[in-house]
Amino acid sequence: MMAPLNFGISTDDFRSTIFEKEAAIFRGACANAFNPPLDIASALTYGSHKDGRVNMFLDGPLPFNLFTETYQDVTEVGRRVVLQQVEQLLEQGATLSINRIDRLDPQVRDICRQIQSFTQEIATANCYAATSGNGTFGRHWDTHDVIALQLTGRKRWKVWKPTYHLPTPGQVSRPHRPLTTPNPDIDIVIEAGDALYLPRGWWHEATPISGHSTIHLAVGLHASTLADYIGWLATELLPKHAPLRQSFESIVHDEVNLTEALESFHRAAQEKPYIKSYSQLHKKVLATPSSSFESAF
């Protein structure tokens with residue numbers, strides 16, 4: 001039977017002192033969280049896989065056809081993972097990643113729901129497995145917060161404070177990498193059962209430890225931002241405010257009308273009924289299964 005996650009801190013304290021502010025390690029937070037253990041083989045062989053769902057990396061991404069084969073089931077033709085080839089590549093130092101494993105495994109789905117309840121943000125999960133090697137992605141940041149759950153083995157994490165705070169999707173880390181320092185701010189080994197929280201924008205580099213096979217879940221927290229609220233509000237106000245329906249080129253040259261339109265939007269954004277409506281929408285989304293993330297907002 002699965003043991004519940006235990007971060008040793010309340011949701012309110014997590015959000016007020018850690019969320020979007022600091023990296024944090026929670027020793028033993030996911031101890032015994034999987035019983036039976038996570039069945040990666042079943043996830044890999046579940047149905048047909050397209051490029052992007054299952055990936056392998058060894059000094060860069062490996063060709064999809066290197067670890068998959070074509071199959072035909074009556075009229076259906078697709079690609080499926082060949083476990084033997086995956087095992088051989090892992091022995092050579094490759095890393096396996098399974099994106100959105102919460103869609104494939106009910107235990108992972110339950111983990112995401114627990115984390116969603118704890119963090120009050122939408123949670124989805126990717127899985128990473130390795131037996132050796134030098135890591136997968138090098139030093140980088142993510143554009144969503146991450147809680148890494150170490151399921152088996154050990155992994156070394158180097159973490160740097162952000163050089164660009166709270167990046168959003170599309171704001172990639174590569175051009176900013178020269179701004180980081182050689183020595184990390186945090187250099188720790190995560191043991192089986194531990195969890196590591198990283199806010200978006202925090203640089204990190206995770207590497208397997210020689211002689212220790214490792215499996216970890218990267219649970220992504222997809223936060224609703226103030227920009228999301230503004231976009232939602234614009235849609236809500238559009239039918240009600242004629243100035244917002246004017247063409248940009250028409251109103252931008254009319255300083256008086258432009259100022260009035262923007263000020264009315266500013267006033268509306270601070271009205272409690274709109275804030276309450278958006279907050280209720282966010283809570284409704286949190287109550288849905290994690291697999292519905294794409295249609296959340």
Side-chain angles (χ1 to χ4, degrees), residues 5 7 9 14 17-30 55-61 93-101 111-112 115 118-119 121 123-210 212-223:
L5 299 177
F7 292 97
I9 187 174
F14 171 77
T17 63
I18 296 174
F19 181 66
E20 294 188 330
K21 299 179 181 70
E22 297 288 344
I25 183 171
F26 302 94
R27 296 290 186 188
C30 62
N55 299 285
M56 296 200 75
F57 301 84
L58 183 61
D59 299 322
T95 294
L96 166 72
S97 75
I98 308 174
N99 293 329
R100 290 306 304 274
I101 193 172
I111 289 291
C112 286
I115 289 179
F118 170 65
T119 64
E121 300 294 349
T124 63
N126 299 337
C127 179
Y128 298 89
T131 59
S132 59
N134 297 316
T136 304
F137 302 110
R139 192 182 311 177
H140 69 284
W141 74 42
D142 291 314
T143 56
H144 55 264
D145 296 35
V146 171
I147 294 181
L149 305 177
Q150 189 68 34
L151 304 186
T152 65
R154 313 166 74 208
K155 208 160 195 177
R156 183 181 182 185
W157 288 77
K158 295 180 181 179
V159 179
W160 291 258
K161 292 180 179 179
T163 55
Y164 183 89
H165 287 271
L166 303 177
T168 56
Q171 296 180 311
V172 296
S173 59
R174 184 180 296 273
H176 301 265
R177 192 177 296 167
L179 298 176
T180 60
T181 60
N183 297 321
D185 296 293
I186 301 172
D187 189 345
I188 54 173
V189 172
I190 302 299
E191 310 280 352
D194 293 342
L196 174 66
Y197 166 74
L198 295 174
R200 55 194 162 109
W202 282 62
W203 294 89
H204 55 279
E205 182 178 297
T207 55
I209 294 175
S210 179
H212 294 267
S213 60
T214 170
I215 299 173
H216 86 267
L217 291 180
V219 179
L221 306 180
H222 304 273

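Along the sequence shown, residues are numbered consecutively beginning with 1. The figures here come from the full heavy-atom set of this structure, side chains too, leaving out hydrogens, waters and symmetry mates.
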For [X], ring-ring contact (aromatic ring centres under 6.0 Å, His included) partners two or more places apart:
| X | value |
| --- | --- |
| H140 | F137, H204 |
| W141 | Y164, H176, W203 |
| Y197 | F14 |
| F7 | F26, F118 |

Of all heavy-atom pairs between [X] and [Y], which one has the smallest distance, and what is that distance?
| X | Y | value |
| --- | --- | --- |
| G201 | P167 | CA-CD, 3.4 Å |
| T181 | N183 | OG1-O, 3.0 Å |
| C112 | A125 | SG-CB, 3.6 Å |
| P184 | W160 | CA-NE1, 3.3 Å |
| A148 | H216 | CB-CD2, 4.1 Å |

Quiz item: CD1 of I147 to CD1 of I111: how many Å apart, nearest 0.5 Å?
Solution: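 It comes to 10.5 Å.
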Quiz prompt | Separation between CZ of R100 and CD1 of I98, rounded to the nearest 0.5 Å | solution =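 If we round to the nearest 0.5 Å, R100:CZ and I98:CD1 are 13.5 Å apart.
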Quiz item: So, T152 side chain and I215 main chain: donor-acceptor pair closer than 3.5 Å or not?
Solution: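 A pair under 3.5 Å: yes.
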Quiz item: Can you list every salt bridge (charged side-chain N to carboxylate O under 4.0 Å, His left out) pair that touches residues 169-187, not counting sequence neighbours?
Solution: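 Every salt bridge (charged side-chain N to carboxylate O under 4.0 Å, His left out) pair that includes a residue of residues 169-187, provided the two are not neighbours, is R156-D187.
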Self-check item: Non-hydrogen side-chain atoms of C30 and L5 separated by less than 4.5 Å
Solution: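 Touching, per the 4.5 Å side-chain cut-off.
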Quiz item: Tell me, do T168 and T143 make a side-chain contact under 4.5 Å, heavy atoms counted?
Solution: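 Side chain of T168 against side chain of T143, heavy atoms only: no contact under 4.5 Å found.
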Any residue meeting side chain to side chain contact (heavy atoms under 4.5 Å, CB included) with [X], in chain and number order, not counting sequence neighbours:
| X | value |
| --- | --- |
| S213 | T131 |
| I25 | R27, I188, I190, L196 |
| A94 | M56, L58, L62, L89 |
| E22 | W202 |

Exercise. Just jot down the salt bridge (Lys or Arg N to Asp or Glu O under 4.0 Å) partners of D145, sequence neighbours excluded, or say none.
Key: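 If we apply the salt bridge (Lys or Arg N to Asp or Glu O under 4.0 Å) test to D145, skipping adjacent residues, the hits are R200.
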Quiz item: side-chain hydrogen bond (donor to acceptor under 3.5 Å, both in side chains) with T214: which of R154, Q150, K155?
Solution: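 With T214 as partner, R154, Q150, K155 yield a single side-chain hydrogen bond (donor to acceptor under 3.5 Å, both in side chains), made by Q150.
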Self-check item: Pairing residues for T119 by the side-chain hydrogen bond (donor to acceptor under 3.5 Å, both in side chains) criterion, not counting sequence neighbours
Solution: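 Partners of T119 under the side-chain hydrogen bond (donor to acceptor under 3.5 Å, both in side chains) test: none.
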Quiz item: Could you walk me through whether L198 and D142 pass the side-chain contact (heavy atoms from CB on, under 4.5 Å) check?
Solution: CA-CA 9 Å; L198 295 174; D142 291 314; 6.0 Å; no
